[in-house]
Amino acid sequence: MIITLIRWLLLPISLIYWLIVWARNTLYDKAILKGTKFSIPTIVIGNLAIGGTGKSPMTEYIIRLLKDDYRIATLSRGYGRKTKGYKLVHSDSLAIEVGDEPLQFKNKFPEITVAVSENRCYGIQQLNKDHDLIILDDAYQHRKLTPGFTILLFDFNSLLSPIIPLPTGNFRDNFSATKRADLILITKCPDDILNRDRNRIEHQIRKHALAPIFYTGIDYGQPKDRNNQLLTAPLKNLDIVLFCGIANPLPLQSYLTALRNIVHILQYTDHHNYTDKDFDKIADYYQSLPTTNKIIITTEKDMQRVPNSALQNTPLYYIPITLKSMDKQQDTFDHFIFNYIQSATSVN
């Protein structure tokens, strides 16, 4: 309540922020400030609001779709890392060096190149000659780069609430920036999404953009341990210590609760760098639960920040997630991606 009040008191700053972002975008839109466009196909995945919209599952979906036919590289800022500059990600890299999401991509797809660089144009220059395609995670606001293709993600609930810039609201870019998208995904949709909600969302978007709109939900996979071994017991009727450093843990918490689990959540800031003290707290909380029918759960992204020495002798698992189509239009979505790459390749 107090935080909400403080955010509304900061509304004048939101108006100033909106003006600054509008001015910057206008300078790029009118080519007064120029972005760099590369001959290699580039797919940018991004969002307008802060918080988790599913960019990592979307990136992984594109990787799976294309990795057998193209030499792929992913390029991220490496949010949360303690290093600077361009850096290749290896399976033995540390999240503190390269960021948790890039490390997750490398661990899941060791055959592709994964790199981080806060300067995306410089990163593309380093990757250009040895690859057929570069996927950029979270680069929608990086206007120094003019991407070949853009996929813009919105969390379903974010479009049913007032669209207000930071710090009062959660939008880091003006909603009119939607016009730059080639495809728009509404993510984390409920299974019983209502037509009136679809109509409201599409009415909002169509004020600015004509890009095709797709609706997706979340599919939660079977829990895996740090060695990627599946949990053999049912994920039901357990006491679960859920620790996570993500923007919005509520969907995962709700999923676990719906399976008749008792969920004890330890929430940290997004991309939190865990310390030994944090792990001691998690272990102590787990040990304090009076039942023997208990488990520790985290997200796949957070698991990248758990060293092998931490939480030993505890049943620690992560839950992988993937996107699922709500409209059975996966083939149509895939067609747009393949069509872009083929047309970009033929031009080059």
Side-chain angles (χ1 to χ4, degrees), residues 25 28-29 35 37-38 40-49 51-67 69-70 72 74-76 101 105 120 132-143 145-159 163 171-189 193 197-219 321-347:
N25 281 333
Y28 276 105
D29 292 342
K37 188 167 186 175
F38 292 86
I40 186 172
T42 52
I43 298 177
V44 161
I45 299 169
N47 56 4
L48 300 187
T53 56
K55 293 188 299 296
S56 292
M58 184 72 257
T59 301
E60 292 179 3
Y61 179 86
I62 300 296
I63 294 171
R64 289 189 188 95
L65 182 66
L66 302 175
K67 66 183 179 66
D69 299 311
Y70 300 95
I72 292 177
T74 69
L75 180 62
S76 306
E101 289 159 342
F105 299 153
R120 308 308 202 287
D132 302 316
L133 167 73
I134 298 175
I135 304 169
L136 295 106
D137 175 35
D138 197 17
Y140 201 83
Q141 285 74 37
H142 198 82
R143 297 298 304 270
L145 167 67
T146 301
F149 196 84
T150 56
I151 303 173
L152 180 61
L153 278 59
F154 288 102
D155 178 286
F156 173 80
N157 288 318
S158 72
L159 294 179
I163 296 174
F171 278 74
R172 57 177 171 170
D173 205 340
N174 298 338
F175 197 76
S176 59
T178 306
K179 66 186 177 184
R180 302 199 308 271
D182 293 294
L183 293 178
I184 296 172
L185 261 70
I186 313 302
T187 63
K188 301 184 180 178
C189 297
I193 180 173
D197 290 334
R198 288 177 183 261
N199 293 337
R200 179 178 172 183
I201 287 170
E202 292 183 20
H203 177 73
Q204 184 81 271
I205 291 173
R206 289 294 176 241
K207 294 177 183 178
H208 304 283
L210 296 176
I213 300 172
F214 296 86
Y215 293 84
T216 65
I218 299 175
D219 259 341
I321 64 172
T322 55
L323 300 180
K324 64 177 179 180
S325 173
M326 307 299 295
D327 296 319
K328 297 182 180 179
Q329 289 189 308
Q330 181 175 329
D331 290 343
T332 304
F333 179 86
D334 295 352
H335 172 75
F336 281 109
I337 303 298
F338 281 117
N339 189 56
Y340 158 66
I341 296 173
Q342 289 167 3
S343 60
T345 304
S346 64
V347 169

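Bear in mind that the values here come from a model prediction, so they are computed numbers and not experimental data. Scope of the values below: all heavy atoms of this structure, side chains included, with no hydrogens, waters or symmetry mates.
Considering all non-hydrogen atoms of both residues, Pro57 and Leu323 come closest at CB-CG, 3.8 Å. Considering all non-hydrogen atoms of both residues, Ile186 and Phe156 come closest at CG2-CA, 3.8 Å. Taking each heavy atom of Ile43 and Ile337 in turn, the nearest pair found is CD1-CG2, 4.1 Å. Listed here is the closest heavy atom pair of Ile151 and Phe333: CD1-CZ, 4.1 Å. The shortest heavy-atom contact between Gln204 and Ile163 is NE2-CD1, 3.6 Å.
No side-chain heavy atom of Ile321 sits less than 4.5 Å from a side-chain heavy atom of Asp219. By the 4.5 Å heavy-atom criterion applied to side chains, Pro41 and Tyr340 are counted as neighbours. In this structure the side chain of Ile213 reaches within 4.5 angstrom of the side chain of Arg206, judged on heavy atoms. You'll find the side chain of Thr345 stays beyond 4.5 Å of the side chain of Leu133, heavy atoms only.
Remark: Gln329 engages no residue in a side-chain hydrogen bond (donor to acceptor under 3.5 Å, both in side chains) (not counting sequence neighbours). Partners of Arg120 by salt bridge (charged side-chain N to carboxylate O under 4.0 Å, His left out), not counting sequence neighbours: none found. With sequence neighbours excluded, the residues forming a side-chain contact (heavy atoms from CB on, under 4.5 Å) with Thr146 are Lys37, listed by chain and number. In this view, Ser158 satisfies the side-chain hydrogen bond (donor to acceptor under 3.5 Å, both in side chains) rule with no residue, not counting sequence neighbours. Take Asn25 and apply the side-chain hydrogen bond (donor to acceptor under 3.5 Å, both in side chains) test, not counting sequence neighbours, and it matches Arg143, Asp173.
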Step by step, would you call Ile45 with Ile135 a side chain to side chain contact (heavy atoms under 4.5 Å, CB included)? CA-CA 8 Å; Ile45 299 169; Ile135 304 169; 3.9 Å; yes
Test side chain to side chain contact (heavy atoms under 4.5 Å, CB included) applied to Ile205 and Leu159, step by step: CA-CA 9 Å; Ile205 291 173; Leu159 294 179; 4.2 Å; yes
Under the criterion side chain to side chain contact (heavy atoms under 4.5 Å, CB included), I'd like the reasoning laid out for Glu101 against Asp137: C-alpha separation, chi angles, the key distance, then a yes or no. CA-CA 9 Å; Glu101 289 159 342; Asp137 175 35; 3.8 Å; yes
Verdict with supporting geometry, Thr42 and Ile40, side chain to side chain contact (heavy atoms under 4.5 Å, CB included): CA-CA 6 Å; Thr42 52; Ile40 186 172; 4.2 Å; yes
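Proximity of the aromatic rings of Tyr70 and Phe338 is defined here by a centroid distance below 6.0 angstrom, and this criterion is not met.
Note: Leu48 CG to Tyr140 OH = 6.0 Å, rounded to the nearest 0.5 Å. Between the NZ atom of Lys207 and the CZ atom of Phe175 there is a distance of 8.5 Å, given to the nearest 0.5 Å.
The aromatic rings of Phe214 and Phe336 stand perpendicular to each other, their planes meeting at an angle above 60°, with 30° marking the opposite boundary.
For the residue pair Asp155 / Thr53, no side-chain donor-acceptor distance below 3.5 Å is found, with atom types taken as modelled.
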Validation: residues 58-67 side-chain donor-acceptor distances under 3.5 Å, sequence neighbours left out:
{"unit_1": "Thr59", "atom_1": "OG1", "unit_2": "Lys55", "atom_2": "O", "d": "2.8"}
{"unit_1": "Glu60", "atom_1": "OE1", "unit_2": "Lys108", "atom_2": "NZ", "d": "2.8"}
{"unit_1": "Glu60", "atom_1": "OE2", "unit_2": "Gln104", "atom_2": "NE2", "d": "2.7"}
{"unit_1": "Tyr61", "atom_1": "OH", "unit_2": "Gln330", "atom_2": "NE2", "d": "3.2"}
{"unit_1": "Tyr61", "atom_1": "OH", "unit_2": "Asp334", "atom_2": "OD1", "d": "2.5"}
{"unit_1": "Tyr61", "atom_1": "OH", "unit_2": "Asp334", "atom_2": "OD2", "d": "3.2"}
{"unit_1": "Lys67", "atom_1": "NZ", "unit_2": "Glu111", "atom_2": "OE2", "d": "3.4"}

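Residue Lys179 qualifies as open at atom NZ: its count of foreign heavy atoms under 6.0 Å is 12 or below.
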